Structures are given as structure tokens and as C-alpha cells.
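Remember, it's a predicted structure, so these values are computed and weren't measured experimentally.
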Amino acid sequence: MNKPLAPEDFANCPLPISAHDTVQLSHGSGGRMMNDLITKLFNWAFDNPALGKLDDQAVLEPPKGKLSFSTDSFVVDPIFFPGGDIGDLAVNGTVNDICLCGARPLYMSAGFILEEGLPLEDLKRIVLSMKRAAQNAGVSIVTGDTKVVPKGKADKLFINTSGVGVIEHNWTISSRNLQIGDKIILSGSIGDHGIAVLSKREGLAFETSVQSDTASLHELVQVILMAGDGAVHAMRDPTRGGVAATLNELAENSNVGIRIYEPQIVVHPPVAGACEMLGFDPLYVANEGKLIAAVAPHRAEPVLAVMRVHPLGKEASIIGEVVAAESFVRVTMQTRIGGWRVVDMPVGEQLPRIC
């Protein structure tokens, strides 16, 4: 998991010296102020040989094996929230998208859309957070871009990323690969990220602080692959739309059904209380540091055992299994009182701008 930024991280950052303490349109003009911002902040933070050439592209040695490639954009509001910020969220989210097919993450790009007036201290904090997250995940940010838009034409800061990883095995891990009988494993509690962001956005206070679960899953994925020994058929992270949307996507892509069991799904009491108060279903609330795996039944218990040893999988549980498709109903859940309900694909946006 990401370590908090230390005071020396901020003290050593050579932020551009100017008469301004906020982002100016000149920071995107292509002139000296833009050059200072790029060289003294972004290049300093993300320093590596490919980026240091200051070309308009990164020239990379191709790895041996198949490539995993992903792109994403991050518009979370607010940009700082309990447990993280838009910077580490961008890195962790991209790394997770790369590695959940079993790839080892290698490289990232980062594009910044900055609103005029954004405090430079906030930008520095976000960039340093990205630096720490990238180091923790073992990825290099090798190329990027910066644009500045007039005040009121954006909301503080948006980040676009792309990522590349290498697949060094011959197993097929895909949302189209679920098999009837597979066990569905969830790596931990649900709803933490969505409620953490919402609490900061709306100024809500709970008896116990809710922290975002944003984290890079690359190490946990490698643990799962080794224990699975080819029996891991699919992995996905339940981000927007939560567990409900992810399970429906998996079931639809593989033309199967999925049954899950509510007592096996961990929801921390503060999250459960917030959802009850606000009328949310935790199954539909976003997560940023959890994964769902479909594993052949003969390897499910060994995979679960090693997951529970890892810090990001200590609350992992088998929450259901893959069954034959039944009509148009893809996912069903047995409730705590024993009845069954349909877990449908969400309609609309329950919590906008969550990532």
C-alpha cells in the first residue's frame, strides 16, 4: 500500500520560482514558465532515462512476451480525499487495469489538464503522490503532456494515463473465460472508496473515519497467479458501478450466471451505516483497491489462503460461484435472511466523479 508523503518529499522539490503561487495560462504556453514546470516538477519527480531525454515520445526496449495496454482518465471530485488523492488514484488505477490480466506493469504516461488558478502547492502534492505510487508499483512514468485551460473551463485538475505491462505466462485470464463451477473470490471489504470520496465532497462526518482503499494490486495479483497455477480464469477490479456492475460484466461476457451470498461479503460498519443513511447499496459503490477473481474450484481454497496472508487480501472471501446462465438474469444474491434477489447492472450514475 502507499506510504504517506514525508516532509522531505516536499522540501526537496524544486518547484518553479516565479511571482505566482497558482497555475497560470503561461504554464501551458510552451514558453519558459511551461518549461520550468515540466523540468523542475514533472521531470524531477518522475525522473528516469526515457523521460529525461525530453523528447515528444518515449523510446523503450520491447519486453519479451505479450503486452497489456490500458488507458484511463481521472476526474475525481474532490482531488484530495481520506486515504488518497487524484494522483495516487491515477497511478494505482492504471496499474490495476494493466495487471489484472496477469501482466507485470512496466510503463505509464501521464497527461495533465490544469485549470488556471490551481495552487502550485496542490499540484506539487499530487505529483509527489504519483511519484510515490509509481515507485511502490515498480512502474516508470516515461512520457506525458501538460495543458492549461482558463479558469472555469475545468475543475482544478484532470489526469489522463496510459499503461503498458508484459504478460510472462501462457494462461488465459479474461472476462470471457469464466467456467461453470468457478468460485468467485473478493479480495476484501467493499464501498470504502466511494463513501470516503462522498464524505469529503459533502462534508459528512461519521463516528469512524472512512478511508479510500486506493492501492496497487500488482503484488497481490502475482500471489494469486502463483497459487492458482493456471486455474485463475478472470480478474477484474470493481471500480465504477461496484461489485454489482463488475459481476454482471463478467457474467455477460462469458454467457454464464453468477450466484453470490451476502453474508460472505465484507462491508465495514461505517460504510454500511453511511449507505443505509444515504439510500445506497454497497454492491454498487466504487472500490479502488479490490479485485474479483474467478478461480477453478480445485484451486480456490489455496488461492484464498495466500490472499489472506497479503495485506491487501486479509479480508478476502469466497462470495459465490459461476452457474449456467438463466434467461436474462445474470447475477443473483442470497440475502442474510435466506431469500434471493436479482443483482442487476446499475442504471445511471449513483456517485458521479468517483475516480
Side-chain angles (χ1 to χ4, degrees), residues 2-48 51-56 58 72-94 108-137 139-162 196-197 200-201 203 212 214 353 355:
N2 293 341
K3 299 177 182 178
L5 292 170
E8 56 266 25
D9 290 324
F10 293 90
N12 295 333
C13 177
L15 196 66
I17 299 173
S18 73
H20 307 286
D21 58 5
T22 62
V23 171
Q24 305 294 305
L25 287 175
S26 297
H27 283 121
S29 68
R32 183 175 297 278
M33 287 181 65
M34 180 174 175
N35 183 70
D36 268 2
L37 187 69
I38 291 172
T39 58
K40 294 182 179 179
L41 181 59
F42 295 118
N43 285 9
W44 171 84
F46 305 145
D47 182 46
N48 59 76
L51 184 66
K53 292 179 180 179
L54 298 180
D55 291 327
D56 286 338
D72 208 342
S73 297
F74 297 85
V75 298
V76 64
D77 175 35
I79 58 176
F80 300 105
F81 47 82
D85 57 59
I86 192 173
D88 60 17
L89 184 66
V91 173
N92 292 335
T94 305
M108 279 185 58
S109 70
F112 296 84
I113 306 296
L114 309 176
E115 183 186 22
E116 179 189 16
L118 174 71
L120 284 172
E121 283 295 315
D122 285 354
L123 178 59
K124 177 172 70 172
R125 179 178 168 188
I126 288 164
V127 169
L128 291 175
S129 180
M130 294 180 71
K131 172 187 177 181
R132 179 67 60 83
Q135 289 174 338
N136 289 343
V139 296
S140 298
I141 298 176
V142 295
T143 189
D145 184 51
T146 305
K147 295 292 189 296
V148 179
V149 298
K151 190 173 183 62
K153 298 299 183 180
D155 188 0
K156 304 179 190 68
L157 167 67
F158 300 148
I159 301 176
N160 173 263
T161 61
S162 291
V197 171
K200 181 67 174 180
R201 183 186 302 173
S212 170
T214 177
R353 294 190 60 188
C355 59

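Atom CG of D55 is surrounded by more than 12 heavy atoms from other residues, nucleotides or ligands within 6.0 Å.
Inter-residue side-chain proximity for L114 and H27 is flagged as unmet; no heavy-atom pair is nearer than 4.5 Å. Residues M108 and V91 meet the side-chain proximity criterion, which asks for heavy atoms closer than 4.5 Å. Residues Q135 and F46 fail the side-chain proximity criterion, which asks for heavy atoms closer than 4.5 Å. Two residues are said to be in side-chain contact when any heavy atoms from C-beta on lie closer than 4.5 Å; I113 and V148 fail this criterion. You'll find the side chain of E115 reaches within 4.5 Å of the side chain of K151, heavy atoms only. A heavy-atom distance below 4.5 Å is not found between the side chains of T22 and L120. Side-chain atoms of I79 and I126, non-hydrogen and from C-beta on, do get closer than 4.5 Å to each other. Here the side chains of N160 and F74 are not in contact, with every heavy-atom distance at 4.5 Å or above.
The side-chain contact (heavy atoms from CB on, under 4.5 Å) test applied to A110 returns F112, M130, I141, not counting sequence neighbours. Looking at residues two or more places apart in sequence or on another chain, you find a side-chain contact (heavy atoms from CB on, under 4.5 Å) between D155 and D77, F158, R353. The side-chain contact (heavy atoms from CB on, under 4.5 Å) check on T143 picks up A58, S109, with sequence neighbours excluded.
Inspection of the N48 and S140 side chains reveals no N or O donor paired with an N or O acceptor under 3.5 Å.
Closest heavy-atom contact between M34 and G28: SD-C, 3.7 Å. Of all heavy-atom pairs between A196 and S212, the closest is CB-N, 3.4 Å. The nearest pair of heavy atoms linking K200 to P78 is CG-CG, 3.3 Å. Here the shortest heavy-atom pairing between D85 and D88 reads O-OD1, 2.8 Å. Looking at every heavy atom in both residues, T94 comes nearest to S162 through CG2-C, 3.9 Å.
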Checking W44 against L128 for the side-chain contact (heavy atoms from CB on, under 4.5 Å) test, could you report, in this order, the C-alpha distance in whole Å, the side-chain angles of both residues, the deciding distance, and whether it holds?
CA-CA 10 Å; W44 171 84; L128 291 175; 3.3 Å; yes

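A salt bridge links K147 and D145; the closest N-O separation between the charged side-chain nitrogens and carboxylate oxygens is under 4.0 Å.
The backbone N or O of R125 lies less than 3.5 Å from no partner atom in the side chain of S129, so there is not a single donor-acceptor pair. A donor-acceptor pair is defined here as one N or O able to donate and one able to accept, closer than 3.5 Å; no such pair exists between the side chain of E116 and the backbone of P150.
A cation-pi arrangement is absent between R201 and F81 under the rule of less than 6.0 angstrom and at most 45 degrees off the ring axis.
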